[in-house]
Amino acid sequence: MQNVTFNRKHLLGIRELAPGEITHLLDTAENFRDISRREIKKVPALRGRTVINLFFEPSTRTRTSFEIAAKRLSADAINISVSTSSMSKGETLLDTARNLEAMAPDCIVVRHSMAGAPQQLARMGNAPIINAGDGAHEHPTQALLDALTIREYKGRIEGLKVAIIGDVLHSRVARSNIYLLTKLGATVSIAGPGTLVPAEFAELVEQGLSVERRIEDAIEGADVIMILRIQRERQDAAFFPSMREYAVHYGLHPKHLERAAADAIVMHPGPMNRGVEIASEIADGSRSLILDQVTNGVAVRMAVLYLLAGGGHAEVDADATERIKHAAKAETRNGTTNGKRKRKQGNETPNR
Amino acid sequence: MRLRIANGYVIDPAQGINGGKDLLIEDGRVSGFLNRGEEVSGGLEVLDATGLIVAPGFIDLHTHLREPGAEYKETVASGAAAAVAGGWTSVCAMPNTDPVNDSAAITRFIIEQAQRAQLANVFPIGALTKSSEGKELSEMGEMKSAGIVAVSDDGRAVPTAGLMRRAMEYARGFDLPVVDHCQDASLSAGGVMHEGRWSLILGLKGMPAAAEDVHVIRDCVLAKLTGASVHIAHVSTRGAVEAVRRAKEAGVPVTCEAAPHHWTLTDESASDYDTNTKMSPPLRSRDHIDALLEGLRDGTIDAVATDHAPHHADEKALEFDQAPFGITGLETAVGLAFDLVNQGVIDLERLVELCATSPARIFGLTDRGSLAERAHADVTILDPTYEWVFDVSASKSRSRNTPFDGRAMTGAAVATIVSGRLVYLNPDYSRITEMKHRNAATK
């Protein structure tokens, strides 16, 4: 199993990854997932390493997730929130990068409202860069956690039909998911208002992607329905007449689920606009995996941090992954964790 | 003071000359042609252009010199130095300085700075509206008297059809061509690259080709209405080329230019967020480039213009969204134009037409763009076989914002003569000056 590795210095996007690299990231994350279920949720994998969470854009969920992931690996995690307004009057991206480099971090996690900022930082500096979301470009760890969640409940990605509904134009989550899912053999249908789902999206990938005008057509027979957040803060012009009209024509309602596969699951990257892009009955219903996504986010970020900030690459990583896998299995055998995931208690399983 | 440019191959489309001749220059003006070896009495300097093309001096219709106001990016002198190093004997300076060149005083200041530098000729372009705010017409008549050769609010499109109509009607009274940066802001606002597959991949806001198309079509309609000379700056889309072609066929007095980066690079060049690929209009997709090549070939596109737009490295070291639009171009344009020759898109005569003959005609620069008798002795000497690599660290410009650093090219301007003075000589061509005083010495 030595050959399957993740050899890159940075994680900037899913688009440039090979299917094998994605699978390796997911496998590694799966191994790390068990750590979060232990009583003592900490392993020494990144002891003595420094991870900087550099957030140029407000984020609670992603930043917290990266911070928890770093701490569970025993890394020293430092959060820096930079408002882009103070950037514009003072320090440039280049200077920020140089200053941080001077403090010798082992990894910098970057969130930025402008597409390409992580790429530029990767080019300017030496530290490994993890893209935690850049403008409308990519959000690779979100796609990975979504894939981990799908794999958990569907057992596979290949051959699944996935519908992505909503503001695709402004969504880095949609882009990263489209790349990941089509690379692993799923077919993806995207749908939403014509202003937010340009027909040109069909050219984003070579195959496996279709653009639908009506969300019903995208949802038809879907195994997975991903709902995107309406990003009011990114909308510099009116892309649709009102939230009310959006909710009626493009929001996900229980009636839509009848068109999907009988065991379809529903996902949302959060934070949700309840009653706009998704009806509360669905968000809180049995098909919703929204909280599972959050849980898996920590595992995915542990895996990515481990592979990038660990200092070692290639064989070293593969060996270490094996060790973690063995350790996790040993603990499972000893009954300290519950290895196999259970559905939320009291809810019917969508895995009929 | 006499100068003979000997043994060269003269291409002067304005006179239909295409052959081996010696050019004789006297007191900064062309005094005629001599046959090879034809003796003339009296002393003179000789430049040896053996194996080289002797062409009328190249004229750039679209240059940003940044002075006054942003001398840290470029001055008139540094821009003029870059111009002559790139083979341009004349540059037309866009008015988006700080303050904007919307007055005779600033026009005169720019001309004086150019005279001090004694390198390229600099012809200021005046603002079309006061402060280029797109509201009130500027004092075009005053500026014309001071030396402007055209009016434009370049960088910003003239926002409304009503204002454009009035500007055309007014400018016509002073024989000033109206230059428009065509982009419908309601379609392109916030965009930082061409709208298409790559803007979707990169998550950057796109400027659709349609934003340029509708604006060019509007200007063509208004040119027909007013009869004014309209020059479309840096066409970059298939729709723009086709609109200009149709307008010309209908006899509308419209001309246009193309910038080398637009036919050389596609929007995919922005794929690693290099801000030196950010300019306006943006780099387009392959289909648009094909249309530009067709326009360059069939004459729809009249001129090659650099849109030389220097910016400081610090400004370009920002996020793609934040970095300013524009790249330098004076020292790479001729090399990139030679690509067209080498690819068989155009021939050498057409290259000279695009860089000298037509630019002079479009802006009405009398006694330039041709080597006719009594014309200003502005000469660009070309070597179509010169193989070179552009090294931005050796650039004469104050700025370094180019995507062409390290690019290998074949063909270049190797010597530049302005008003009979050799103002630039490529160090690899020192042989040109070795015959310098031969005749004088043997006299």
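Hydrogens, waters and symmetry mates are skipped; everything else that's a heavy atom, side chains included, is used. First the proteins, then the strands, lettered A, B, ... as listed; each starts at 1.
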Taking all non-hydrogen atoms of both residues, which atom of A:Ala115 and which atom of B:Gly203 are closest, and how far apart? CB-O, 3.6 Å
Measuring heavy-atom distances to chain B, does A:Leu169 have an atom under 4.5 Å in its side chain, in its backbone, in both, or in neither? side chain
Quick one: closest heavy-atom pair of B:Glu319 and A:Ala117, and the distance? CG-CB, 4.3 Å
How many angstroms lie between NE2 in A:His137 and CG in B:Leu204, if you round to the nearest 0.5 Å? 8.0 Å
Report, in residue-number order, which members of residues 275-292 of chain B are under 4.5 Å from chain A by heavy-atom distance. B:Thr275
So how far is it from A:Asp95 CG to B:Asp314 CG, rounded to the nearest 0.5 Å? 7.5 Å
Within a strict 4.5 Å, meaning less than it, do heavy atoms of the B:Phe320 and A:Gln119 side chains meet? no
Report yes if the side chains of A:Leu93 and B:Leu318 come closer than 4.5 Å at any heavy-atom pair, otherwise no. no
Give a yes or no on this: more than 12 heavy atoms of other residues, nucleotides or ligands lie within 6.0 Å of atom NZ of B:Lys396. no
Select, from A:Met124, A:Glu138, A:Arg15, the one with the greatest count of heavy-atom pairs under 4.5 Å involving chain B. A:Arg15
How about B:Arg165: does its CZ atom have over 12 heavy atoms from other parts shown lying under 6.0 Å from it? no
If you compare all heavy atoms of B:Tyr273 against all heavy atoms of A:Arg123, which two are closest, and at what distance to 0.1 Å? O-NH2, 3.5 Å
Name the region of A:Glu200, side chain, backbone, both or neither, that has any atom closer than 4.5 Å to a heavy atom of chain B. both
Assess the residue pair B:Leu200 and A:Arg175 against the criterion (side-chain contact (heavy atoms from CB on, under 4.5 Å)); give the C-alpha distance rounded to whole Å, side-chain angles, the decisive distance to 0.1 Å, and a yes or no. CA-CA 9 Å; B:Leu200 290 179; A:Arg175 283 172 177 78; 4.0 Å; yes
How about B:Gln343: does its CD atom have over 12 heavy atoms from other parts shown lying under 6.0 Å from it? yes
